[in-house]
Amino acid sequence: MYVRGTVAGEVERRSVSTKYGESDLAEVPLRLDSDHDAADREASESADGGAAVLEENHEPTTVTLWNKWTESAELLEPGMEVLVTDAKTEECQGKTKFATTGESYVVVEPSFLVNVTAIRNWVDCPRLYYLNKLSGVPLNYPVVKGTIVHEVFGDLLRGRALEEAIDARVDERGLELGLLGESADAVSEEVRENAAAIEGWLEQGRLTEEDSWRSEQLLISETFGIRGRADAVRRGAPVELKTGKNLKKEPRFKDKVQAACYALMLEEHGGDVDVGTLLYTKNSALDRNEETGDLTPAKEFSMGDGLLKFVVRLRNEIAATEVQGTVPTGYEGNAKCEYCFEQDTCMVVSGRLDQESKAGQIGRPLPADEREYFEEVSRAIEAERRAVHHEYAKLWEQRPQERADDDRALIDLEFGEKRPLEGGRWELRAEQPAGTTSKLREGDLVLASDGHPVRGNAELARIERLDDEVVLTADEPVEVTRLDVYPSELTTDRLLAALHDFLLKGDDRRKDVLFGRADPTFDEPEETFIDNNPAQNEAVRMAVGAEDFALVHGPPGTGKTYTIARAIRAMVERGERVLLSAFTNRAVDNALEALLEQLDGVVDDDRVVRVGSESGVRTDMQPYRLERAGDPAERVAELEDAQVVAATTATCGSRVMKAQSFDSALVDEAAQLTEPGTFAAITLADRFVLVGDHEQLPPVVRSGDESHRPELTDGDDEPLGHDLTESLFERLVALHPDSGVMLDQQYRMNQRIQAFASREFYDGQLRPATPAVAGRTLDDLEGASREALPESLRDPVAFVDVEGDDDRYTDSAEAARIAELVETYEAAGLERSSIGVIAPFRAQVSEISNHVPGDVTVDTVDRFQGSSQEVIIVSFTATGSLEGPIFEDYRRINVALTRPKRALVLVGDARALETDPVYGRMLEWASQVSVRGGRD
DNA sequence: TCTCTGCCCAGAGGA
């Protein structure tokens, strides 16, 4: 039987005498999860056979954890989730209580999925686990070689020829090997030695018995809250490959722990695992084992119950630490610090952040404000991590049919065919039902399954093509009927590492400036860079002359992309090496496009490099994209000889980019970046320039939702001084207002259109760059005529009052009216492709799309940011009152109202809009000329 | 059910 619930009070721990002697127990008050979930879960637990007994009432009950599980009980705090498998019931004073049995596992916070490598690190030393998370693993040769050996191993299992596999896998890692100064031949030779050990061992197996293999299996455990990828599974049991040497009789303990993690997960998926294999591929005939005379690289060991339970207790420690946000000290484990490779790092981190540590401390603590900053920002990043974990939990929380509206999955695919590819992989094809939408995109990594992403047959796959037909590549031939987003912690890992690098490895002068202890300095050139726009010219001068940093505030349409390009050209002409970065691939490519124009004739094309994945980089920028595969020396030369490198901030946090350094970094759309996100780019450069507009949308942060934060009761939760929703750009604009320039001439909007945004968001300082811009109308467009429009739409800004319906996220009355408006504009000679429709909610976007077919772009405000259109129609989708947080952030209306060049039509319920002062002023402005109540 | 983009996934190893 299965018990799952929330800890409802203090845990009591004591010893009692039983017929087996003295035993420890812990009594945990537990509020059971609702039985709806349990029934759902039970249906999937057919192998177990035990029925979950759950009460209707939500009064807390008690679950007694016996003996070693009391260790996990010590981790529990009120508000935490617990799961107990194979529990038994006890009737006690008319109430049903629960207790562990000899078969039970106790899982703390089961929805937090702990990585297998995390458990492996933790068993070495909990603080090692923390340090790895904090600073990331740098690029080093043993790690890269180890990865290649693993890939070759997988290839061999899938039937690929050895030499072909080695050539291909070494080639794929050309760039990394080049950065490490390795040659392809030397690496191949080393890999060949490891691979020979693998091959010999595989050969033995083939002679003696028939083997069934599966390589690189991704496993996710719903029960134990563990996820990881087994190197191989042979006859249902895990095989772990190690590149190193082990001449002892037994496998290393942490390797056993790793294999035991996979065994647990395989058992949950219906296996019966009692053995694990470790393959130490550096063992050779020369290294004959002293005790056993054994030559083989393989060591089998039997997987006892005790080990599996020990592993779950380790995993519980990690989950509890993550949820509570505590920092391990090293005293939790028995490792000897003097043998540890990370001892120095450990002591420095302890010293600088003033953390308690078994290894001791080196160096003076950072100033108090910096330590506080570290606390707050790292806590915010961890909240973000929990939000990612929340998405993992969603993989099995709901039944497939309930996810029909969830755009994180594509369901009901019709499986087409599977085709073997070169190298043992598979191409899988499936048909997509008509009209499905999802956030999945080409290039994404997904869980491809035959029905359920966790319980069914599932495999990690890459989306190669996504239209009516879905084309995937994967290691195994899964008969795909469903795709789920595979959530990744990569971004949060990189944010944490960027924070660490900035605070602990960063330049002191820079920290003085960013923490307000010193003012930024400038050495501006006298040169004129841009003739007819003083603000742009000043921006370039400051960017070029900044000794610390410069800020360029670019409201909508003010030519910030051009200004960036001009500034970078000036830097390049001075011989600087420059990094161009932004949060999105789209922004990077836009800025790069403008830059290439500027650099034409200044710098050779091959000295401009775009770093990013093939699917992320726009087609026309592919020629500049740095290929990772190839000859190591050539690949690294291509990157290191580049004078300009363009990449997203996430890519700047990658190991390849961290090996680069620049004189200057320019970050576009910086107001949409979190502080640590910005650090990822700027820590690579001596000086930096941030370009953005904090009056438009702020960074997207998942953890804004309170439900991802732990609800622990003892909380001394003082409000955060720093969360991730304020950008470094915005903070620096406030801290050092003189270090920036606002671009004040806009090249986009008719004067009437820009007036409201200028007054409301830019202190009235935004103005049209030229009379021609100020006087733009539809008449300028070929074939279009304002005279052909009804009078109420002739003004560049119009308001159409629609009473609307009571639905909260859609409004079909507005959608229908918008369809009419589109027709009206079309009749007046406008191309449909020059009309855009903006709505606050995705639901309304699809409602409008249903009413307005064809080339009209319909999208959310958020997705419209950064682009413009001749005519924009805004659907406010609110009736009666302006309810909902989406309306509270006025930056969103700033974005919506500043997209059009020649005409803006606001469609909404005047009564609702009048309830808010800002929307009210907007209404006044929009209604100045236009006729109200525009229903003909 | 508010809005949502990134990222070669997780793990590769040193004595």
Side-chain angles (χ1 to χ4, degrees), chain A residues 115-118 120-121 132 137 139-151 153 172-173 176 216 218-219 227-231 240-246 252 254-255 258 282 339-342 387-388 405-408 439 441 443-447 460-462 486-495 582-588 612-616 628 647-656 669 672-674 677 680 697-702 704-705 808-810 839-845 859-865 877 883-889 891-892 895:
Chain A
N115 268 355
V116 171
T117 32
R120 184 181 138 98
N121 281 335
N132 251 316
V137 178
L139 191 62
N140 64 10
Y141 179 62
V143 169
V144 176
K145 189 193 118 186
T147 309
I148 296 173
V149 172
H150 278 75
E151 287 166 344
F153 178 50
E172 278 170 21
R173 305 252 161 207
E176 283 164 290
E216 291 179 8
L218 179 75
L219 294 159
R227 71 176 197 273
R229 194 183 62 187
D231 287 343
E240 248 317 288
L241 180 73
K242 297 292 161 200
T243 324
K245 189 186 290 205
N246 177 3
R252 264 185 293 261
K254 62 178 176 183
D255 297 340
Q258 187 177 6
K282 201 150 188 189
Y339 298 152
C340 177
F341 288 95
E342 305 294 343
V388 174
D405 291 335
D406 191 328
D407 63 357
R408 302 183 49 75
K439 66 186 300 178
R441 290 179 316 186
D444 281 358
L445 220 51
V446 291
L447 272 175
L460 211 52
R462 183 172 300 280
Y486 187 70
S488 166
E489 282 177 70
L490 190 81
T491 310
T492 47
D493 286 343
R494 287 186 178 174
L495 291 181
F583 181 54
T584 63
N585 276 307
R586 195 179 63 175
V588 171
S613 65
E614 193 179 345
S615 57
R628 306 172 76 95
T648 59
T649 48
T651 298
C652 287
S654 69
R655 289 186 304 194
V656 165
E669 306 208 341
Q672 283 189 77
L673 274 166
T674 61
L697 294 175
V700 172
V701 175
R702 263 182 291 218
D705 180 350
R808 189 149 172 204
Y809 303 117
T810 58
F841 306 110
R842 297 270 292 276
Q844 177 70 350
V845 166
D859 226 325
T860 57
V861 186
D862 301 64
R863 293 196 198 195
F864 249 104
Q865 174 151 343
T877 328
E883 259 178 60
I886 200 151
F887 298 106
E888 283 166 17
D889 194 337
R891 290 175 285 195
R892 203 166 257 112
V895 174

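Within every chain, numbering begins at 1; the chains are lettered A, B, ... in the order of the sequence lines, protein sequences first and strands thereafter.
- Between the CG atom of Asp859(A) and the C1' atom of dC4(B) there is a distance of 11 Å, given to the nearest Å.
- Note: Asp889(A) CG to Leu697(A) CG = 6.5 Å, rounded to the nearest 0.5 Å.
- At a threshold of 4.0 angstrom between heavy atoms, the contacts of Phe583(A) include nucleobase atoms, whether or not backbone atoms are also involved.
- Rounded to an integer number of Å, the gap from Leu490(A) CG to dC9(B) P is 5 Å.
- Scanning all heavy atoms of the two residues, the minimum distance from Thr877(A) to Phe887(A) falls at O-CZ, 4.4 Å.
- Within 4.0 Å (heavy atoms only), Asp231(A) reaches sugar-phosphate atoms of the nucleic acid but no base atom.
- Residue contacts shown for Arg863(A) are limited to sugar-phosphate atoms, with no base heavy atom under 4.0 Å away.
- Between Tyr486(A) and the phosphate of dA10(B), there is a side-chain N or O to OP1/OP2 separation shorter than 4.0 Å.
- If you check every strand for non-hydrogen atoms under 4.0 Å, Asp493(A) touches nothing.
- Using a 4.0 Å cut-off, some side-chain N or O of Gln258(A) falls inside it from OP1 or OP2 of dA12(B).
- Comparing dC8(B), dG6(B), dC2(B) by their nearest atom to the side chain of Phe841(A) picks out dC2(B).
- Taking 3.5 Å as the limit, the base of dG11(B) and the side chain of Thr117(A) contain no donor-acceptor pair of atoms between them.
- Between Arg173(A) and dC8(B), a side-chain N or O to OP1/OP2 separation shorter than 4.0 Å is absent.
- Comparing the C1' positions of dC8(B) and dA12(B) gives an interatomic distance of 13 Å, to the nearest angstrom.
- The Asp862(A) side chain lies nearest to dC4(B) when the options are dG13(B), dC9(B), dC4(B).
- Using a 4.0 Å heavy-atom distance criterion, Thr651(A) is classed as a sugar-phosphate-only contact.
- Using a 4.0 Å heavy-atom distance criterion, Arg808(A) is classed as making no nucleic acid contact.
- Residue-level contact check: Phe341(A) touches the bases, meaning some heavy atom is under 4.0 Å from a base atom.
- Considering only the side chain of Arg229(A), dC9(B) comes nearest among dC9(B), dA12(B), dC7(B).
- The CD-C1' distance, from Glu614(A) to dC7(B), rounds to 16 Å in whole Å.
- At the heavy-atom level, Glu240(A) lies under 4.0 Å from the strands shown only through sugar-phosphate atoms.
- Checked against dA12(B), dA10(B), dA15(B), the side chain of Asn115(A) finds its nearest nucleotide in dA10(B).
- When each of dA12(B), dC2(B), dG14(B) is scored by its nearest atom to the side-chain atoms of Val137(A), the top-ranked nucleotide is dA12(B).
- The CZ atom of Arg863(A) sits 4.5 Å away from the CZ atom of Arg842(A) when rounded to the nearest 0.5 Å.
- Rounded to whole Å, atom C1' of dT5(B) lies 17 Å from atom CD of Glu489(A).
- Across dC8(B), dT3(B), dG13(B), the shortest atom-to-atom separation from the side chain of Arg842(A) is found for dT3(B).
- The nearest whole Å value for the distance from the CZ atom in Phe864(A) to the C1' atom in dC2(B) is 18 Å.
- A distance of about 23 Å separates the P atoms of dC7(B) and dT3(B), rounded to the whole Å.
- For the pair Arg655(A) and Leu460(A), nearest-nucleotide mapping onto DNA chain B gives the more 5' position to Leu460(A).
- One atom, CG of Asn132(A), and another, C1' of dG13(B), lie 11 Å apart when rounded to the nearest Å.
- If you find the closest nucleotide of DNA chain B to Gly228(A) and to Tyr339(A), the one lying nearer the 5' end belongs to Gly228(A).
- Counting only heavy atoms from C-beta on, Thr147(A) has its side chain closest to dG11(B) among dG13(B), dG11(B), dC8(B).
- Side-chain nitrogen and oxygen atoms of Tyr809(A) include at least one within less than 4.0 Å of the OP1 or OP2 phosphate oxygen of dC2(B).
- Using a 4.0 Å heavy-atom criterion, one finds that Thr584(A) contacts the sugar-phosphate atoms exclusively.
- Note on Thr648(A): a side-chain N or O is less than 4.0 Å away from OP1 or OP2 of dC7(B).
- Across all strands shown, Glu172(A) has no heavy atoms under 4.0 Å from either base or sugar-phosphate atoms.
- Nearest to the side-chain atoms of Asp444(A) among the listed nucleotides dC7(B), dT3(B), dG13(B) stands dC7(B).
- The backbone N or O of Leu241(A) sits less than 3.5 Å from a side-chain atom of His150(A), completing a donor-acceptor pair.
- Scanning both residues, Arg462(A) and Gly443(A), for their nearest heavy atoms gives NH1-O, 2.7 Å.
- Put simply, Thr860(A) has a side-chain N or O that comes within less than 4.0 Å of OP1 or OP2 on dC4(B).
- Arg227(A) has a carboxylate O that lies under 4.0 Å from a charged side-chain N of Glu489(A), or vice versa, which qualifies the two as a salt bridge.
- OP1 or OP2 of dA12(B) has at least one side-chain nitrogen or oxygen of Lys242(A) nearer than 4.0 Å.
- Gln672(A) places its CD atom 10 Å from the C1' atom of dC4(B), with the value rounded to the nearest Å.
- Note: CZ (Arg120(A)) to C1' (dG11(B)) measures 9 Å, nearest angstrom.
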